[in-house]
Amino acid sequence: MRKPEERTIDYGVQEMLVKAREEGIETAFDRADAANNRCKFGMEGVCCKGCLEGPCRISLNGKGPALGVCGADADSIVARNLLATVVEGAASHAEHGREVVLTLLKAVRGQAPYKIADEEKLYSLASGLGIDTDGLTVNQVAEQVALKALEDFQKQEGVLNWLKLKAQDKTVAKWEKLGILPVNAHLEIAKAVKRQAMGCDADPVNLLKGILTVALVDGYSGLHMSTDLQDVLFGSPQLVRSEYKLGVIKREYVNIMVHGHVPVLSEKVVEWAQKLHGEALQLGAKGINVVGVCCSGNEVLMRRGIPVATNFASQELPIVTGAVDAAVVDAQCIMPGLTKVAGCYHTAVITTMPYVKIPGAIHIEFNPRAADDAAEKIVRLALDRYQQRDEARIRIPEDKIEVYAGFSTKQITGLLQKLNKERPLQPLVEAMEKGDIYGIVALVGCTNPRTKQDWANTEVAKYLMRNNVLIVGTGCAAHSLAKFGLMSPQGVEYCGSGLRRVMETLGGLVDLPALPPAWHMGSCVDNSRIDELLIAVADYLGVEVSRLPVAASSPETHHPKAIAIGSYFLTQGVDVHVGVKPPVGGSELVSKALTAGAGEYGLTMEELFGGKLIVEEDPVLAAQKLLERINRKRKALGLSA
Ligand code: WCC
Ligand code: FE2
């Protein structure tokens, strides 16, 4: 078993790993060590278990079978498996989007206890969607917007409304020419599941096109739609100060951990935690402390300043403090291992969705209609469990750190307007032209219990910042950067002189010594915010996003959603780095289509869209490769290298 310091660079997590081991409790880090005999066929993507003729495995050294029983070769099998992975990611995000649409619809029809929080965003969406708002009330406008969103799950011809709303026209024309435009999210997901099934699509190039269609579903019905309508319902984030790391758990408080993704639940838990404050006092607690994990954490951090305890790989460790009274989850990135750890303490793990249940958890069904009832029950359960704590087993790491989050496009433009009222993007673009901001890299995706938690995410970011690259972060990668000070004003210590100067100037506009050089842009669906920012800059310069000196990097990735998001960035012509090998090595055709440059190998992503996949496990080499790509794009755009 590897030592705690080999598993994570987060001291608090190390401390809790030691405690867990002392108490005989197993976590994901131990399970990763125990399951280290990984299947080579699976890792290269050449295992097909799509039907009962198999599983068929294609030989990796040419000495065994070259075809499955049905005749499928390595290229088809790898492409099908990759399509299946991207579909999983896109389905997760699209269902997230649809849940938010239904919440909005119910809210404006008086069937769910939520209100419109950002009218300005609502009206701008309505106008983009071509809705005539004359004579309509705010709720009627919202209803029309929600119905337009629902069309993206229903229509049988045309193109996703949200794609037309958000994408650059020139890029859409490229996708149209290639025949990859999605009609409706559910239809494309069903079609993709069918085409990768036994006896259907076996042409790897055609399957790759299928992957791109599904990637667009992920981007528009998943990311963009979710963020847009969440902002309408809960407000567009603005700069907010908060804290990170396990030290945000407070001994004298009732602690509730919110984990998962859709803020429809976490927002209500925060609301009810405030409402039941008095009852916590009656129990002798100082109040109720909500802390976040994964993207539920990101959502309530961005809008409410709720502190974040930790990210994906160490999600079980807050419970090991012995001071988490309830852990409430909705969907995605939730380890079933949570209930085993919680079973060793007084902690209640609460599942809330009818299709996400975990043995050992208490299920309190949550739906928008009954949101208040459910949230009240959840918080009351936490109050109840608080009284069952074993004080002797409580140990909370002291380590915590300040963070500034809330970088929505609205926040960023608002800030830049203080420098240039008419053309807010001008100062940003000028800094990019001068090289003070050499490029922008989106640091996104997960942490992975197999790799050293937070290490590669922070190393890539620090190397890039030293070279004046502005970092924009989401998901668990943002958590990594926040935990290590890169999302606070002190983060400028890691910057090259140009980037430092820009952040100090911008910081002065909000009474901070500097703006953090890594901007927290939110949850995984909020990669849409990054896309929106890049499009704004590209539009300002009159070019496509694919020509900007920007890239995306996911050094510690693991989730199919992250693969879907990466594929989406590729459709925009943005270079994408991953630090964990995707299972495509068994097919030269598929690997080269993703990773080869234009003109180097038949049809490639770079040839089609202008960006490619970079697979590199070493964070320093990865950062160097990203810089080299940014450098090329700068030159092509006529900027200094
Ligand atoms: Ni998004 Fe990755 Fe975190 Fe889950 S929450 S673990 S997909 S980055
Ligand atoms: Fe997420």
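Both ligands and their constituent atoms are indexed starting at 1 by order of listing. For clarity, every value in this text was computed on a predicted model and none was experimentally measured.
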Item to check | Mutual orientation of the aromatic rings belonging to His224 and Tyr568 [parallel < 30°, tilted 30-60°, perpendicular > 60°] | outcome: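 Perpendicular: the ring planes of His224 and Tyr568 meet at over 60°.
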Checklist entry - Charged N to carboxylate O below 4.0 Å: is that the case for Asp10 and Lys452? => result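 Salt bridge between Asp10 and Lys452, a charged N being under 4.0 Å from a carboxylate O: no.
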Checklist entry - Taking only residues two or more places apart in sequence or in another chain, which ones pass side-chain hydrogen bond (donor to acceptor under 3.5 Å, both in side chains) with Glu5? => result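 Glu5 satisfies side-chain hydrogen bond (donor to acceptor under 3.5 Å, both in side chains) with no other residue.
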Could you state the interatomic distance from [atom1] ([X]) to [atom2] ([Y]), rounded to the nearest 0.5 Å?
{"X": "Leu239", "Y": "Met302", "atom1": "CG", "atom2": "CE", "answer": "10.0 Å"}
{"X": "Leu82", "Y": "Ile563", "atom1": "CG", "atom2": "CD1", "answer": "7.5 Å"}
{"X": "Thr85", "Y": "Gln196", "atom1": "OG1", "atom2": "CD", "answer": "9.0 Å"}

Next on the checklist: Is there a side-chain contact (heavy atoms from CB on, under 4.5 Å) between Ile440 and Val469? Walk through the geometry before answering.
Outcome noted: CA-CA 5 Å; Ile440 303 177; Val469 172; 5.7 Å; no
Checklist entry - Counting no waters, what protein N/O/S atoms lie under 2.8 Å from the Fe ion (ligand 2)? => result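 The answer, once waters are left aside, is His261 NE2, Cys295 SG, Cys524 SG.
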Item to check | Atoms of ligand 1, numbered as shown, that sit under 4.0 Å from any heavy atom of His558 | outcome: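 Those of ligand 1 that fall under 4.0 Å from His558 are 6 (S).
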Side-chain donor-acceptor contacts of residues 574-585 below 3.5 Å, not counting sequence neighbours, with atom names and distances?
{"residue": "Asp575", "atom": "OD1", "partner": "Lys612", "partner atom": "N", "Å": "2.8"}
{"residue": "Asp575", "atom": "OD1", "partner": "Arg629", "partner atom": "NE", "Å": "3.2"}
{"residue": "Asp575", "atom": "OD1", "partner": "Arg629", "partner atom": "NH2", "Å": "2.9"}
{"residue": "Asp575", "atom": "OD2", "partner": "Arg629", "partner atom": "NE", "Å": "3.1"}
{"residue": "His577", "atom": "ND1", "partner": "Ser553", "partner atom": "OG", "Å": "2.8"}
{"residue": "His577", "atom": "NE2", "partner": "Glu616", "partner atom": "O", "Å": "2.8"}

Next on the checklist: Under 6.0 Å from the ring centre and within 45 degrees of the ring axis: does the NZ or CZ of Lys245 meet both conditions for the six-membered ring of Phe484?
Outcome noted: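 The answer is yes, since Lys245 meets both limits relative to Phe484.
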Checklist entry - Should the pair Lys483 and Tyr11 be classed as cation-pi, given the thresholds of under 6.0 Å to the six-membered ring centre and 45° from the axis? => result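 The answer is no; the distance or angle limit is not met.
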Next on the checklist: Return all protein N, O or S atoms below 2.8 Å from atom 1 (Ni) of ligand 1, chain by chain in residue order.
Outcome noted: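 As for protein N, O or S atoms lying under 2.8 Å from atom 1 (Ni) of ligand 1, they are Cys524 SG.
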